[in-house]
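Presented below is the structure to which this report refers.
These values consider heavy atoms only, across backbone and side chains, with no hydrogens, waters or symmetry-generated copies.
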Amino acid sequence: MFTEVALLAIIVQLGIIVGIIVYAVKLLNRITDIAGSQKSIANSQIQLISLLIKKQENQESSDS
């Protein structure tokens, strides 16, 4: 009887550890996806700023 309870306790502990590991891996993947999205947004903003600078330079040169 006592060994069955001890075995059940070990199985529950292992299940909790496996659950924590799975959660950590999923969280890490999500953070990696978010970082990739942030990098993509930053690159798009850089392109937008460079286009705005070119547009402003073109307007200034046409005004002169």
Side-chain angles (χ1 to χ4, degrees):
M1 178 71 179
F2 180 72
T3 57
E4 294 171 356
V5 173
L7 186 60
L8 181 63
I10 291 172
I11 290 173
V12 169
Q13 287 177 347
L14 287 176
I16 291 171
I17 291 171
V18 168
I20 290 171
I21 291 172
V22 168
Y23 178 76
V25 169
K26 286 186 175 188
L27 182 63
L28 182 62
N29 286 337
R30 182 67 182 135
I31 290 171
T32 304
D33 289 343
I34 291 171
S37 297
Q38 292 292 328
K39 185 176 180 181
S40 175
I41 290 169
N43 287 336
S44 297
Q45 288 177 343
I46 289 170
Q47 290 176 352
L48 176 64
I49 290 170
S50 67
L51 287 173
L52 289 172
I53 289 171
K54 286 180 183 179
K55 180 180 177 184
Q56 185 176 7
E57 289 173 351
N58 288 339
Q59 286 179 348
E60 288 175 356
S61 67
S62 65
D63 289 345
S64 299

ask   = Using links of under 4.5 Å between side-chain heavy atoms of ILVMFWY residues, direct or through other members, which residues join L51 in one cluster?
value = none

query = What residues form a side chain to side chain contact (heavy atoms under 4.5 Å, CB included) with L52, not counting sequence neighbours?
reply = L48

Using atom types as modelled, flag every donor-acceptor pair under 3.5 Å from a side chain in residues 34-47 to any protein atom, sequence neighbours excluded.
from: S37; atom 1: OG; to: D33; atom 2: O; distance (Å): 3.1
from: N43; atom 1: ND2; to: K39; atom 2: O; distance (Å): 3.4
from: S44; atom 1: OG; to: S40; atom 2: O; distance (Å): 3.1

Could you pull out all donor-acceptor pairs under 3.5 Å where a side-chain atom in residues 4-27 meets a protein atom, sequence neighbours excluded?
none

